[in-house]
Each structure stands twice: as structure tokens, then as C-alpha cells.
Amino acid sequence: MWSRPSGFLTSSMSSEHNGVKNVQAGSVEARGIGQHAATTITYAPAPETVKVEISQRYGHFIGGEFVTPRDKGSFATINPATEATLAMISQGSEQDVDAAVACARKALPKWRALPATERAKYLFRIARRIQERARELAVLETMDSGKPIRESRDVDVPLVAAHFFYYAGWADKLEYVRLGTPSTPSLREGRSGMDSPRGARGYPETARGYPEPVGVCGQIIPWNFPLMMCAWKLAPALACGNTVVLKPAETTSLTALRLAEIFQEVGLPDGVVNIVTGDGRTGSAIVNHPGIDKIAFTGSTEVGKKIALAVARASGAGASPKGRPKKLTLELGGKSPHIIFDDASIDQAIEGIIQGIYFNQGEVCCAGSRLLVQESIIEEVRKKLELRMASLRVGDPLDKNTDVGAINNKAQLDRINYYLSEGQKEGARLCVPGLGTNLGSNMGSNMGAPSLREGRSSDANDGKMLIDPSRSEGVSNHVLNQLPKKGYWCRPCFFYDVQPSHIVAREEIFGPVLALMSFRTVEEAITKANNTPYGLAAGVWTNKGSKMFEVAGKLKAGVVWCNTYNRFDPTSPFGGYKESGFGREGGMQGLGAYIA
Ligand code: NAD
Ligand code: MN
């Protein structure tokens, strides 16, 4: 259902690959990069022209109404590509969370008792309204988050609508949800496996003989896919008859609040969805609120652990309204392996690698950030990757030609830069295609331009020069586009000569940074791939079906993509193993978290 934004493929093809020059605008010039002859295209700007209205300040959305914002306790949300303030956002207090939970509780009895087909109608209406307002939502998402307009327009917003459509379809079919035989004894309660009503029908038996909602759900989401995470959280919760208090991330609240306008437009009953904005303190108030039955969180493993602890601690009496332990699902970080076997179609794999790690600036929990390439083809892959990456356009996210936008926030850029410098200090070699490598001009890679040296940071180590992908100027206009003077930028780059012990091979960077490693045998690939505390996703490239199934079956990852990467679909469950969290979102399995 989602195809790669076309410009991603066509923005600059190497003449070596297909001999066809794809000219979109401006002039074409061939220039040698190392041994390869790359064709680079100069683009005319293609700015998105839709203007969106943004208020100066926003209050929370509680009980179906926007609360009048107060000056006190608000913070700016900025456009990370320009550093300009877009609006002031309210910092939710404990009282605000309290008010939102009260409204959600009040709305619950009527909403859950509504005939399922009626609940579905609201979800269908929301989905259609998202489609109608798609362009506005995409522009706003790009302005507030820094992601390229082509991605928000062609990936994020269509998937948001698709998610609401998909779960609208489930609302009146919940008795057909099959979640498998319960694995915990408490759920079986003396009944055995398939004989139990749950075993046969999949959901726990309830008084009405029909799946019941969990109750009031607290949902806390991150900044990398602001609107898409709203949809992943809200659609299944509402379909099952739950009510919600949702908190967007502090840097990206605007599209969630725009979605609240849509809820008003479609007449969603007051209090069914409440949105409280704010930072971690607001999130913590939601997690600890005794009026909430379930917490769903997507974000960092660090915060996920804190939330798990808080929920476990509170799980005595009074933990939730019925004195039951709060339910919890966690969607956390990852360091996903992307395995390329020597029998794979390499040119296609290169596109998959690019899609896997540079989509959304690499700020993707399931990003294919550990590239494992079979030793016999590693040089070929590295060269082709370098060539292809030099054609990625970094810059104004509102320009339709842009492939890689701005990093979401300053703290995140600092974190990425920390890893770039630590990685180089540990001895991994950094390559920023078009900008150079940290070994200088004579070490086999592409760059010999003297201007390179000026861009290197003085933070030299062991006589090696460190390079800085956030440098604004390119080596040459023809090879690299200039980066805007303001904003948070990091050019796509990769480390090679990486050891599994290196920090860049172990820790989630959450940026456009890839770690390239090699393996020799299938067994070694599997061992290396699973050698991580995470287990969210993985990718396998091979032309052999048997190898594909063997490897996919042995990878400890919630999602395994074969000969593709970063494909999302509402029908497909998504979630992690180990420190990547637990619970699934999407598909029939995604309903499990929202059925009591
Ligand atoms: P974060 O985990 O701090 O924030 C995610 C959400 O949790 C935000 O809405 C935030 O306000 C909220 N939050 C923060 N502290 C909380 C607390 N104590 N209780 C309840 N809610 C709380 O993520 P971040 O600081 O924005 O990013 C840090 C790192 O997290 C990134 O570098 C990246 O590695 C990772 N990350 C992962 C994802 C993902 O989708 N898995 C998304 C964003 C960030
Ligand atoms: Mn912002």
C-alpha cells in the first residue's frame, strides 16, 4: 500500500546504474567521484505552497473543548529547520491530567455501550476527514518535526488515515479477535487451553460474553512520527470502546491538536479523546494517575524502564480504578540488523539500505542501523552505497526534492554528534559521502578536495582528523547541496571498519548514521544480528527463499523484512523483543492491548 516516494529513487541516478539521466529540473553535470562517474542534478527549488494556519498559543483538549491557554507554564514549539517559534504549547500540570482523566472516565460508560457499528462510524469519519485535510496535516507535520514533506505527504499521513480505516473495520468484529491460547495461568483459571472460551474464541470470557474495553487509556508518544503514533495508539483503543488521555511529545504537539479539531468536526462524543500537552513531567502524571487502567508508551528504552517500574510499584490495591494492576505496553528503541547476503540483488539492496536507515533522518525506532554485509561483497556494497548516498538531498523539509530533512531537536542533534565523535575516537571510520572520510584523501575513499580539511573539527585523536557531517557547506555545489545556515542538520553518513564492541554498533543513535560490518556464514550473520539487547526489527536480503525463511525464523525481532525495509501497513503487527519492549501495535494482535 505504500510505495517509496518516487523522488527517492529518481532524484539522482548514477549513469553507471542505468545509463539514463533523469532530469527533473535545472542542469545536469557529470562529475567523477573516485572511480565512479556520478550524475548530479541541480534542482530548482520546489517549495510546498500550501499555507497552514497556526495559532499563537494552544491549550489542552479536554472534554471535547480546547482549554484556554494560560501564559504561565507554556513552552515554544519550533520548526527545527529554521529554529523559528511556531506556537506556544501548554505544559500540562497534575490538575490538567486530573481533569482529562475525569472527562475520560465520564465518557467511558456511554462510549463502551455504543453499538459497535456506531463507534465504527466515528472512526470512518475521522479517517475520511484526515484524507480531506491531508495536505494541511502533512505541511504542519513537516514544519513542526523537520521531516521531509515528501515523507509526511506520501507515507505518514496516508498511513494515519489507513490506520483509522483499518480499525474502524474491526470495531464490530471484536468477537472474532483471536489472540491465541493464554499463556499465563491467571488467564486460564483452571480451564485448559483450547477448551476454554478464550482458547476457542481468542478473547477472555466476560460477563457479556463479548470483548470488553480496558477502560481509560493513558497514551504517551514520541516526536519521530507524531501523527502516525497518534493513529497507532488511538484507533485500536477507540475501536474497542476505550476512552483516552493522550500526550504528544513536547517538540511535536501541533498535529495532535489539529487531530483534536477533526474529532470536534466529526462530533466524537466529548471526553472520548483528551489531549494534554507537556514534557516528561506531564507524562509521569499520566503514568501515576490512579484513574487510568492502561498505559501505552512509545519512546526511549530509558523512559520505558522508568514507566515499567512506576506501573509495577503502583500495582497494589488502587493501582487502577478497579484495583487491578495497570495494563502496560511498551514500544521502545532498537538497533536493528540489516543483513545483505552475497546472492542478493545488490542494487536493490542499496535502495533498501537507504530506505532502512535514512528514512525520517534515521529517527526511526526500527531503523536498519546495523548493516551486516557478507564479506565477499562488502567492498562493492560500500562503494555503491557511497555513490548513492552522495545524491541524497539534505535540506529544507518543505522542498519536495528533499530526501533528508532536519533533525527533530537540538538535544537529539547533540546526541548524534556525540556518537559521531565517539565512534571515530574508538577507531571506526566515518564516511560522509560527498564530504569525505576521516582518513584523508589517499585512503581509498572518494575525496581529495583540500577544502575538506578546513571542515574537520580540531578534536583530533590519534593523529586522525574527525569530520563533522553537520558542516553547512558541501565540497562543491555540484556534489553536495549546501545546508541552511539555521536549523539542526546531519548529513547521511556511515561508519565502516566497525567492531561489534564499538559504541556505534551497540547503542541506538536515532539519526542518519549507519554502522557497516561484515560476516562470512549464515550462522555468523544470525549470531551477530541477535547480539543486541534490542529486538524490534531486522532485514534480510537474499535471492534464496529457503535462506530467507531460515534466517527470518532465527532472528529475535518483532518484524523481519525480506528484500525490503521500513514497510508499514496497518494490518501487520509491530513490536519488540527484549529491551525493545512488549505488546504489539497494528493488525488483529494490536487489539489485544485494548481488550480487557
Ligand atoms: P523520550 O522517551 O524521553 O520521550 C518519549 C515521550 O515520553 C515524550 O512524550 C516524553 O515527553 C515522554 N516522557 C519523558 N519522560 C517521561 C516520564 N518520566 N514519564 C512519562 N513520560 C515521559 O524520548 P526523547 O528524549 O524524546 O528521545 C530520546 C531517545 O529516545 C532518542 O535518542 C531515541 O533513541 C529514543 N526514541 C525512541 C523512539 C521510538 O519510537 N522508539 C522515539 C523517540 C525517541
Ligand atoms: Mn516542533
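When a ligand or atom number is given, it counts from 1 through the structure's own listing order. Everything numeric here is computed off the predicted structure, so don't read it as measured data. For the numbers below, each heavy atom of this structure counts, side chains included, while hydrogens, waters and symmetry mates do not.
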Polar proximity ligand 1 side, Ile307 side, N/O cut 3.5 Å exclusive:
no

Taking the basic N atoms (NZ, or NE/NH1/NH2) and the acidic carboxylate oxygens, is any pair closer than 4.0 Å for Glu141 and Arg153?
no

With the threshold set at 4.0 Å, does a side-chain nitrogen-carboxylate oxygen contact exist between Lys147 and Glu363?
no

Quick check on atom 4 (O) of ligand 1 - does any protein heavy atom sit closer than 4.0 Å to it?
no

With respect to atom 1 (P) of ligand 1, which of Gly299, Ser300, Ala249, Ala411 exhibits the smallest heavy-atom separation?
Ser300

Could you list the donor-acceptor pairs under 3.5 angstrom formed between side-chain atoms of residues 58-67 and any protein atom two or more places apart in sequence or on another chain?
unit_1, atom_1, unit_2, atom_2, d
Tyr58, OH, Ser55, N, 3.0
His60, ND1, Thr277, N, 3.1
His60, ND1, Thr277, OG1, 3.3
His60, NE2, Asp96, OD2, 3.2

Suppose the cut-off is 2.8 Å; which protein N/O/S atoms would you list for the Mn ion (ligand 2)?
Thr77 OG1, Ile78 O, Asp144 O, Asp144 OD1, Thr251 O

Check: Phe225 ring centroid to Trp232 ring centroid under 6.0 Å
no

Rounded to the nearest 0.5 Å, what separates atom CZ in Arg105 from atom CG in Asn274?
12.0 Å

Any chance the side chains of Tyr419 and Glu507 put a donor and an acceptor closer than 3.5 Å?
yes

Taking atom types as modelled, is there a side-chain donor on Thr329 or Lys294 under 3.5 Å from an acceptor on the other?
yes

Val287-ligand 1 polar pair, N/O distance under 3.5 Å:
no

Phe225 near ligand 1 by a heavy-atom separation under 4.0 Å
no

